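The structure appears right after this line, and notes come after that.
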Number of protein chains: 2
Amino acid sequence: MTDGHESAPTGVRRTTRQRTAVSSALAETGGFLSARDLHDRLAAQGERVGIATVYRTLASLASTGEVDVLLRDDGESVYRRCSSAHHHHLVCRECGRTEEVTGPTVEAWATAEAERHGFRDVRHTVEITGICATCTL
Amino acid sequence: MTDGHESAPTGVRRTTRQRTAVSSALAETGGFLSARDLHDRLAAQGERVGIATVYRTLASLASTGEVDVLLRDDGESVYRRCSSAHHHHLVCRECGRTEEVTGPTVEAWATAEAERHGFRDVRHTVEITGICATCTL
DNA sequence: GTGAACATGAGAATCAGTATCAACTAGCGC
DNA sequence: GCGCTAGTTGATACTGATTCTCATGTTCAC
């Protein structure tokens with residue numbers, strides 16, 4: 001973890017066929033995709049991109065806030081092209097449909113609660129799941 | 001996935017040495033433990049319990065609400081003996097110390113927000129992380 | 001005490017994600 | 001356009017958590 005092979009980038013981020021492919025595949029799909037899904041989707045489109053590269057690209061996009069990462073219940077991470085403002089998700093457990101929701105209420109509550117316990121540098125995650133109107137029918 | 005070997009239990013839950021061991025090891029420790037941690041701890045106490053059994057027992061305890069499951073950022077699940085009332089966690093990113101917090105505010109907000117989008121059968125998870133007072137020093 | 005349903009455990013299998021490292025390439029200066 | 005080199009890629013091995021398999025062991029109602 002100290003100094004591997006792919007470390008020490010001088011900050012330059014090159015444009016490659018693979019990165020463009022991952023980015024646009026993500027943009028085409030509204031919803032959340034796992035790294036595998038994305039890899040399969042690219043393969044189906046004839047874009048040959050290694051799974052390792054997909055993971056690397058997603059991690060990179062996530063670190064710049066261009067995509068949103070969600071850790072599903074089964075432990076797999078899913079990614080989505082996302083507005084960069086802080087927000088939360090309302091996910092349908094049936095079809096996976098996602099709505100973005102914002103909540104000044106929660107933000108305030110989380111911060112207040114954390115401070116009450118003496119915690120600093122507070123972050124929070126809120127996920128709401130349910131069955132959406134369409135799936136209820 | 002239709003009908004395995006360990007399925008079709010008629011609802012009976014037997015008391016075994018292993019289940020008791022897992023339960024009490026969990027009770028002795030205030031904080032969160034991963035299945036491995038628990039397994040190691042049991043081994044150290046001379047309790048020979050298979051890792052598969054630890055997982056099974058934890059899953060069973062979790063399903064009855066006797067323990068609380070948290071999916072850590074690295075994807076590993078951690079378990080803790082927990083009050084059964086609905087609540088959330090405030091976790092220190094440094095030392096792992098955990099506080100239980102309740103928030104009628106969030107509950108209400110989550111439900112309202114979900115209903116506004118036409119979602120039913122709503123559940124939510126809220127995790128707040130930060131650096132606790134002790135680690136700040 | 002008996003028997004059948006339930007539980008266990010050792011190890012194999014699975015699965016997401018990361019590390020390795022030789023080969024490749026974007027983009028800069030010329 | 002050419003060459004250089006740091007940044008990238010990808011096939012594959014590896015790791016680590018969790019689940020599956022199934023023969024064997026236990027619990028508990030009767």
Side-chain angles (χ1 to χ4, degrees), chain A residues 1-23 25 32-43 45-64 67 69-80, chain B residues 1-25 32-43 45-64 66-67 69-80:
Chain A
M1 273 288 159
T2 49
D3 191 285
H5 230 271
E6 12 194 298
S7 56
T10 57
V12 187
R13 177 173 295 188
R14 291 185 183 164
T15 309
T16 64
R17 174 182 63 77
Q18 293 87 340
R19 286 183 190 179
T20 308
V22 169
S23 261
F32 281 93
L33 284 177
S34 70
R36 297 275 177 203
D37 290 342
L38 205 42
H39 183 246
D40 292 349
R41 194 166 292 233
L42 288 169
Q45 291 175 5
E47 284 284 4
R48 298 170 36 58
V49 179
I51 187 71
T53 301
V54 173
Y55 275 109
R56 273 187 295 240
T57 306
L58 287 173
S60 161
L61 289 172
S63 75
T64 60
V67 305
V69 194
L70 228 66
L71 195 51
R72 275 197 322 223
D73 279 357
D74 65 0
E76 185 171 10
S77 297
V78 286
Y79 305 80
R80 189 175 85 147
Chain B
M1 273 295 153
T2 48
D3 192 284
H5 232 271
E6 11 194 301
S7 57
T10 57
V12 188
R13 176 173 295 186
R14 293 185 180 162
T15 309
T16 65
R17 174 181 64 78
Q18 292 88 339
R19 285 183 190 179
T20 308
V22 169
S23 261
S24 54
F32 281 93
L33 284 178
S34 70
R36 293 271 177 206
D37 291 340
L38 206 42
H39 182 245
D40 292 349
R41 192 166 294 232
L42 288 170
Q45 290 176 6
E47 283 284 4
R48 300 172 32 61
V49 179
I51 187 72
T53 300
V54 173
Y55 275 108
R56 273 187 295 239
T57 305
L58 287 172
S60 160
L61 289 171
S63 75
T64 60
E66 288 170 70
V67 306
V69 194
L70 227 67
L71 195 51
R72 275 198 322 224
D73 278 357
D74 66 359
E76 185 170 10
S77 298
V78 286
Y79 304 80
R80 189 175 84 147

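Just so we're on the same page: letters track the sequence lines, and every chain starts at 1. This one's a predicted model, so the numbers in the text were calculated from it and none came from an experiment.
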Can you find a side-chain donor-acceptor pair between A:Ser34 and A:Glu76 that sits under 3.5 Å?
->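 Yes, because at least one side-chain N or O of A:Ser34 sits under 3.5 Å from a partner of the opposite role on A:Glu76.
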Distance-only side-chain donor-acceptor flag, A:Ser60 / A:Arg13, under 3.5 Å |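 Checked: A:Ser60/A:Arg13 side chains pair up, N/O donor to acceptor below 3.5 Å.
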Summarise protein proximity over nucleotides 10-16 of chain C in one line of letters, 5' to 3': B for base, S for sugar-phosphate only, - for none, counting protein heavy atoms closer than 4.0 Å.
-> B-----B
Per-nucleotide protein contact string for nucleotides 25-30 of chain C, where B marks a base within reach and S marks sugar-phosphate only (heavy atoms under 4.0 Å, - for neither) = BBS---
From [atom1] of [X] over to [atom2] of [N], roughly how many Å is that when rounded to an integer?
X       : N      : atom1 : atom2 : answer
B:Leu33 : D:dA17 : CG    : C1'   : 16 Å
B:His39 : D:dT19 : NE2   : P     : 15 Å
B:Leu58 : C:dA7  : CG    : C1'   : 15 Å
A:Arg19 : C:dC24 : CZ    : C1'   : 14 Å
B:Phe32 : D:dA17 : CZ    : P     : 18 Å
A:Asp37 : C:dG17 : CG    : C1'   : 15 Å

How long is the gap from [atom1] on [X] to [atom2] on [Y], to the nearest 0.5 Å?
X       : Y       : atom1 : atom2 : result
B:Ser63 : B:Leu58 : OG    : CG    : 11.0 Å
A:Tyr79 : A:Asp37 : OH    : CG    : 11.5 Å
A:Ile51 : A:Leu38 : CD1   : CG    : 8.0 Å

Given B:Thr20 and B:Arg17, is the side-chain contact (heavy atoms from CB on, under 4.5 Å) satisfied, shown in steps?
-> CA-CA 5 Å; B:Thr20 308; B:Arg17 174 181 64 78; 5.9 Å; no
Specify the residue among B:Val54 and A:Tyr79 whose closest nucleotide of DNA chain C lies further upstream toward the 5′ end.
->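 Counting from the 5' end, the first nearest nucleotide belongs to B:Val54.
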Heavy atoms from other residues, nucleotides or ligands near CZ of A:Arg48 exceed 12 (cutoff 6.0 Å) |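 No.
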Of A:Gln18 and B:Val78, whose closest DNA chain D nucleotide lies nearer the 5' terminus?
->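 Result of the comparison: A:Gln18.
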After noting the C-alpha distance and the side-chain angles of A:Arg41 and A:Glu47, does the key distance pass the side-chain contact (heavy atoms from CB on, under 4.5 Å) rule?
-> CA-CA 9 Å; A:Arg41 194 166 292 233; A:Glu47 284 284 4; over 6 Å; no
B:Ala35 to B:Val54 - nearest heavy-atom pair and separation |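 The pair with the smallest heavy-atom distance is O-CG1, 3.7 Å.
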